[in-house]
2 protein chains.
Amino acid sequence: MAAQLVDEVGTNEFTMRLLAERLHSSAAMLYRHVASKDELMVYVVDRLLAEVTEAPGDKRPQSWQDAARRIAMRFHRALSQHPNVLPLLAAQVPIGPNGLAVREQTIGTLVQLGLPPRLAARAYTTIAQYIVGFAALESNSPTAAHASAIASYYRELDTDTYPHTVAAADALTGTPLEDEFAEGLQLILDGIDRARRKR
Amino acid sequence: MAAQLVDEVGTNEFTMRLLAERLHSSAAMLYRHVASKDELMVYVVDRLLAEVTEAPGDKRPQSWQDAARRIAMRFHRALSQHPNVLPLLAAQVPIGPNGLAVREQTIGTLVQLGLPPRLAARAYTTIAQYIVGFAALESNSPTAAHASAIASYYRELDTDTYPHTVAAADALTGTPLEDEFAEGLQLILDGIDRARRKR
DNA sequence: ACCTGAACACCGTTCAAGT
DNA sequence: ACCTGAACACCGTTCAAGT
């Protein structure tokens, strides 16, 4: 399957020829199933979004904050487990069936729990953007592959010319990334809550 | 210049050979100035970030909200003027000198106007993510190139299976994108403000 | 020493030719 | 009818060979 291969070798190394080889087939054969590599990538993204969909056994959320937090965590976890999909997600707006399903489920739940439809839609978009953006930031953390190159780059930074950047970096190094994610999310949820109360 | 060519032909059509041709040079010559195409793309992104830097003649912001809004608007405008740079910005964390300068200036201003350093750093990241995410969404609007393909895709959507998505789409079609951007930004600013007051 | 054309090792995609 | 090897038209990158 294409999604597995992306997980394994990453977007850059993913090749129609390599996928064909894995399937004991030929590259030309793939074009009988998909129109292009781009279309295939849409499917790969949609596979990831499938993991964000609500499971049937999930207990019902008690508040819209609860619901938003839960979907955000699922989304975040899916991206942690499939970090190689991130570049694809940043490049496309997810238009596959699961992408639409997640959107629909989430907005629906938020509306049901008291958020005005317009605000619910904006909330979903803002949160989704935050998750993807945070994951992009996370992939640049010291555990990532290109770490050494970027680390050496930052090492050259003067504390005098970039005092706040360096200070902030130090401050944030203290807190684990999981907490950071939750804190930033809370920032957004609070903003949504204030918008809700205003009307 | 590389940035101009990206603006003109887009990321996909941008080619070392084409750039060399524009410069009345050869592709091999480019590798005397840059190590790789990726490095060149870092410069292209940094050119855009240069437009986000504070101009010397700017009047001083009155509040951190004011400062944040102003930098967000500049960033947003730069992306509107160079939409082809967006895919690059989504793929890299901007590590060029201007990227660092914008970060430094912004966090510095926010701290000076009363935001705790940690919160200022997170605020910058969250807002930057929002801007890039919003631009990605905007590039999918009906004025964009791939509009017909995506439009036809959404046309197939059942109002029964995706009631909230369709309803939200209708609701949001009414408001101009500029207003939407400002509203979403306000959501985040409110969240930051609540975090500030809490401590 | 500086620049280039041509080459290398790839791509995504297509298509004539086999079974 | 289904599948494939080879080909096409490209890439980014390198390098021997020219000046």
Side-chain angles (χ1 to χ4, degrees), chain A residues 1-48 82 84-96 139 144-146 148-150 152-153, chain B residues 1-48 82 84-96 145-146 148-150 152-153:
Chain A
M1 184 55 89
Q4 280 177 34
L5 188 54
V6 169
D7 282 346
E8 212 176 304
V9 303
T11 337
N12 283 332
E13 310 297 329
F14 179 93
T15 263
M16 296 301 266
R17 282 171 167 87
L18 183 58
L19 176 61
E21 197 181 308
R22 288 295 170 95
L23 295 171
H24 305 291
S25 172
S26 73
M29 250 309 280
L30 296 173
Y31 288 87
R32 206 155 292 271
H33 296 94
V34 293
S36 65
K37 191 191 180 183
D38 283 353
E39 187 186 307
L40 196 54
M41 294 300 104
V42 170
Y43 290 138
V44 170
V45 168
D46 211 54
R47 272 282 288 203
L48 179 127
H82 308 280
N84 289 337
V85 179
L86 178 64
L88 299 177
L89 206 56
Q92 331 166 358
V93 173
I95 56 170
S139 73
H146 293 71
S148 61
I150 291 167
S152 69
Y153 193 97
Chain B
M1 184 56 90
Q4 280 176 34
L5 188 53
V6 170
D7 282 347
E8 213 177 303
V9 304
T11 337
N12 282 332
E13 310 298 329
F14 179 94
T15 263
M16 296 302 265
R17 283 170 167 89
L18 183 58
L19 176 61
E21 197 183 309
R22 287 295 170 95
L23 295 171
H24 305 290
S25 172
S26 74
M29 251 306 282
L30 296 174
Y31 287 88
R32 205 154 293 271
H33 297 93
V34 293
S36 65
K37 190 191 180 183
D38 283 353
E39 187 187 305
L40 197 53
M41 294 300 104
V42 170
Y43 290 138
V44 170
V45 168
D46 211 54
R47 272 282 289 201
L48 179 126
H82 308 279
N84 289 336
V85 179
L86 179 64
L88 299 177
L89 206 55
Q92 331 166 358
V93 172
I95 57 170
H146 293 71
S148 61
I150 291 168
S152 71
Y153 193 96

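No experiment lies behind these values; they were computed from the predicted model shown. FYI, side chains are in, hydrogens and waters are out, and symmetry mates aren't considered; it's all heavy atoms of this structure. The sequence lines fix the lettering, A, B, ..., with proteins before strands; numbering per chain opens at 1.
In this structure, A:Ala28 and A:Phe14 both approach DNA chain C, and ranking their closest nucleotides by distance from the 5' end singles out A:Phe14. Both A:Ser25 and A:Arg17 lie near DNA chain D, and the one whose nearest nucleotide falls closer to the 5' end is A:Ser25.
At least one side-chain heavy atom of A:Leu89 sits less than 4.5 Å from a side-chain heavy atom of A:Pro94. By the 4.5 Å heavy-atom criterion applied to side chains, A:Asp46 and A:Ile95 are not counted as neighbours. At a threshold of 4.5 Å between non-hydrogen side-chain atoms, the residues A:Met16 and A:Leu40 count as touching. A:Leu88 has its side chain out of reach of A:Val42: every pair of non-hydrogen atoms, C-beta onward, lies at least 4.5 Å apart.
Smallest separation of non-hydrogen atoms from A:Phe14 and A:Val9: N-CG2, 3.9 Å.
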Under the 3.5 Å Watson-Crick or G-U criterion, the dot-bracket string of DNA chain D, with | for inter-strand pairs = ||.|||||...|||||.||

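Along DNA chain C, read 5' to 3', the first and last nucleotides having any atom under 4.0 Å from a heavy atom of chain B are C:dC3 to C:dA7.
Taking CE from B:Met41 and NZ from B:Lys37, the interatomic distance works out to 6.0 Å, rounded to the nearest 0.5 Å.
The closest donor-acceptor contact from the side chain of A:Thr11 to the backbone of A:Asn84 lies under 3.5 Å.
Exactly one of B:Val44, B:Leu23, B:Leu18 qualifies for a side chain to side chain contact (heavy atoms under 4.5 Å, CB included) with B:Leu5. That residue is B:Leu18.
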